[in-house]
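Note sheet for the following structure.
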Protein chains: 2
Amino acid sequence: MSAAGSPSGERAPRGRRAGHSETREQILAAAREAFAEAGFRGATIRGIAATAGVDPALVHHFFGSKDDLFLAALQMPVDPREVLAAATSGPPEEIGERLLGAFLSVWDDPTARLPLVALVRAGISGEPGRTLLETALNRLIFGAVARALDVDRVEERTALVASQMLGLIGARYLLELEPMASMSREQVIAWVAPTVQRYLTGPLPAASPS
Amino acid sequence: MSAAGSPSGERAPRGRRAGHSETREQILAAAREAFAEAGFRGATIRGIAATAGVDPALVHHFFGSKDDLFLAALQMPVDPREVLAAATSGPPEEIGERLLGAFLSVWDDPTARLPLVALVRAGISGEPGRTLLETALNRLIFGAVARALDVDRVEERTALVASQMLGLIGARYLLELEPMASMSREQVIAWVAPTVQRYLTGPLPAASPS
């Protein structure tokens with residue numbers, strides 16, 4: 001993100017501004033396409049630059065790292081790395097409450113959630129949005145949460161948390177189901193944080209034989 | 001077309017079959033539109049019949065009650081009234097497991113879930129699908145679950161269950177997030193049934209002051 005406001009970019013002559021921002025948009029569109037088609041690993045700065053018709057160095061100059069470019073392409077309202085760093089530090093027995101609080105503080109903000117709603121809607125509709133959303137979850141969220149925990153079957157646990165969070169998004173923000181839509185943030189946390197906490201740090205359940 | 005709807009419609013000569021099923025489709029299309037625009041209460045058999053250009057008696061003849069027509073319009077693969085009657089009878093302390101088992105037995109069947117996937121995708125995309133999905137949840141599921149329980153704040157509880165179930169749908173069937181997508185049914189039940197059970201019959205949480 002810091003690279004987006006690189007010194008030379010900020011001081012570009014006025015006459016270049018339009019072309020400048022057009023080029024940025026072309027790079028972002030090429031990036032969204034590449035990440036949606038090939039996922040995070042499969043997408044390359046070189047390929048994105050080629051699609052946008054610019055030099056790879058310009059992509060780095062405008063957007064910094066591939067992670068930064070990914071965040072810019074998704075129009076993330078906040079940097080999930082910062083939000084998750086705060087939410088995953090502190091006592092592990094409160095990680096459910098902290099994660100859910102961080103999640104709601106972003107999603108309860110109508111402006112912040114606009115690009116996120118678009119990302120989820122496109123993800124649910126099928127390809128290419130599905131790969132983009134899956135990539136965002138894996139790259140931006142699951143890894144950071146898993147690294148903060150010392151538990152067995154962490155991928156299963158983060159997927160379960162994703163299921164509860166996705167459902168909250170669906171019920172509270174997309175369908176606006178009452179009384180879920182107008183429940184206070186504190187009430188949602190009081191109900192749902194124990195679920196997130198159990199999925200993340202609770203004992204593995206014994207599956208009964210089918 | 002009117003002949004197709006006569007009481008002897010079922011016994012119509014072979015040559016008339018096409019018109020018969022065309023009329024049924026017109027009624028179902030009109031019903032979907034009416035339920036999506038006006039919800040269950042707002043939609044009327046009279047209005048649906050008018051849109052389809054048939055007599056209201058024909059709608060009753062083909063589809064029975066308004067509830068039956070609603071199920072047919074949604075192309076429900078099973079009758080939720082029967083599924084829920086079975087799932088909500090029995091000990092209340094196992095209702096989470098039974099509901100989740102019933103839910104998964106329908107959704108894990110690739111053929112049965114096709115119309116349900118369409119309903120959820122349309123619901124998440126905004127109007128008019130949103131009203132149709134909300135109406136389906138309220139009319140077919142929440143009421144039946146609420147009637148089976150004797151608890152405070154039952155609407156809040158069923159909305160919370162809906163959030164977990166919607167998220168399961170999103171993660172397991174729409175995004176096909178691993179390892180959630182290939183988890184066994186028993187494993188999903190072992191992890192998630194306690195969540196559903198707590199939302200439905202657990203003590204009301206004390207929300208901490210913000």
Side-chain angles (χ1 to χ4, degrees), chain A residues 97 101 117 120-126 129-131 133-134 137-138 142 153 155-181 183-196 198-199 202 204-210, chain B residues 97 101 117 120-126 129-131 133-134 137-138 142 153 155-181 183-196 198-199 202 204-210:
Chain A
E97 192 173 327
V117 163
V120 171
R121 283 206 165 120
I124 295 294
S125 316
R130 198 197 72 78
T131 300
L133 177 55
E134 189 190 13
L137 290 171
N138 280 322
F142 294 168
R153 307 236 293 263
E155 292 186 352
E156 196 171 318
R157 292 170 180 277
T158 50
L160 284 155
V161 172
S163 82
Q164 175 61 84
M165 301 299 217
L166 270 177
L168 258 187
I169 292 170
R172 185 171 168 92
Y173 307 106
L174 303 184
L175 290 178
E176 299 180 63
L177 279 185
E178 290 299 354
M180 182 65 93
M183 219 182 263
S184 73
R185 191 184 304 181
E186 290 70 35
Q187 238 179 325
V188 175
I189 292 176
W191 272 114
V192 180
T195 299
V196 177
R198 182 171 64 82
Y199 289 160
L204 296 173
S208 55
S210 57
Chain B
E97 192 173 328
V117 163
V120 171
R121 283 206 165 120
I124 295 294
S125 316
R130 198 197 71 78
T131 301
L133 178 56
E134 189 190 16
L137 290 171
N138 280 321
F142 294 168
R153 306 236 294 262
E155 293 187 351
E156 196 171 317
R157 292 170 181 277
T158 51
L160 284 155
V161 172
S163 82
Q164 175 62 83
M165 301 298 217
L166 271 176
L168 258 188
I169 292 170
R172 184 171 169 91
Y173 307 106
L174 303 184
L175 290 179
E176 299 179 62
L177 279 185
E178 289 300 354
M180 182 65 92
M183 219 183 264
S184 73
R185 193 186 302 182
E186 291 69 36
Q187 236 180 325
V188 175
I189 292 175
W191 272 115
V192 180
T195 299
V196 177
R198 182 171 65 82
Y199 288 161
L204 296 173
S208 55
S210 58

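The chains referred to below are lettered A, B, ... by the order of the sequence lines, with proteins before strands, and numbering in each begins at 1.
Ranked by heavy-atom pairs under 4.5 Å with chain A, the list B:Leu174, B:Val120, B:Leu168, B:Leu160 is led by B:Leu160. In terms of non-hydrogen atom pairs under 4.5 Å with chain A, the most contact-rich of B:Ala159, B:Gly202, B:Ala181, B:Ala162 is B:Ala159. When B:Asn138, B:Leu166, B:Thr195 are compared by the number of non-hydrogen pairs under 4.5 Å with chain A, B:Thr195 comes out ahead. Here B:Leu175 is the residue among B:Thr158, B:Val117, B:Leu175 with the most heavy-atom pairs under 4.5 Å with chain A.
Neither the backbone nor the side chain of A:Tyr173 comes within contact range of chain B; no heavy atom of the residue lies under 4.5 Å from a heavy atom of that chain. With a threshold of 4.5 angstrom between heavy atoms, A:Arg172 does not approach chain B through any atom at all. In this structure, the portion of A:Leu137 lying under 4.5 Å from any heavy atom of chain B is its side chain and not its backbone. In this structure, the portion of A:Arg157 lying under 4.5 Å from any heavy atom of chain B is its side chain and not its backbone. Residue B:Met183 touches chain A through its side chain alone, counting heavy-atom pairs closer than 4.5 Å. Contacts of B:Arg153 with chain A are made by side-chain atoms alone, with heavy-atom separations under 4.5 Å and no backbone atom involved. For A:Val192, the parts sitting under 4.5 Å from any heavy atom of chain B are the backbone and the side chain alike. Heavy atoms of A:Ile124 lying under 4.5 Å from chain B belong to its backbone as well as its side chain.
For the atom pair CD of A:Glu178 and CD of B:Glu156, the computed distance is 11.0 Å after rounding to the nearest 0.5 Å. Summarising the geometry, atom OG belonging to A:Ser125 is positioned 7.0 Å from atom CZ belonging to B:Arg121; distances are rounded to the nearest 0.5 Å. Taking CD of B:Glu155 as the start and CG of A:Leu177 as the end, the distance is 11.0 Å to the nearest 0.5 Å.
Summarising the geometry of A:Arg198 relative to B:Trp191, their closest heavy-atom pair is NH2-O, 2.8 Å, with the distance given to 0.1 Å.
Remark: A:Glu134 engages A:Arg130 in a side-chain hydrogen bond (donor to acceptor under 3.5 Å, both in side chains) (not counting sequence neighbours). Here A:Glu176 pairs with nothing under the side-chain hydrogen bond (donor to acceptor under 3.5 Å, both in side chains) rule; sequence neighbours left out.
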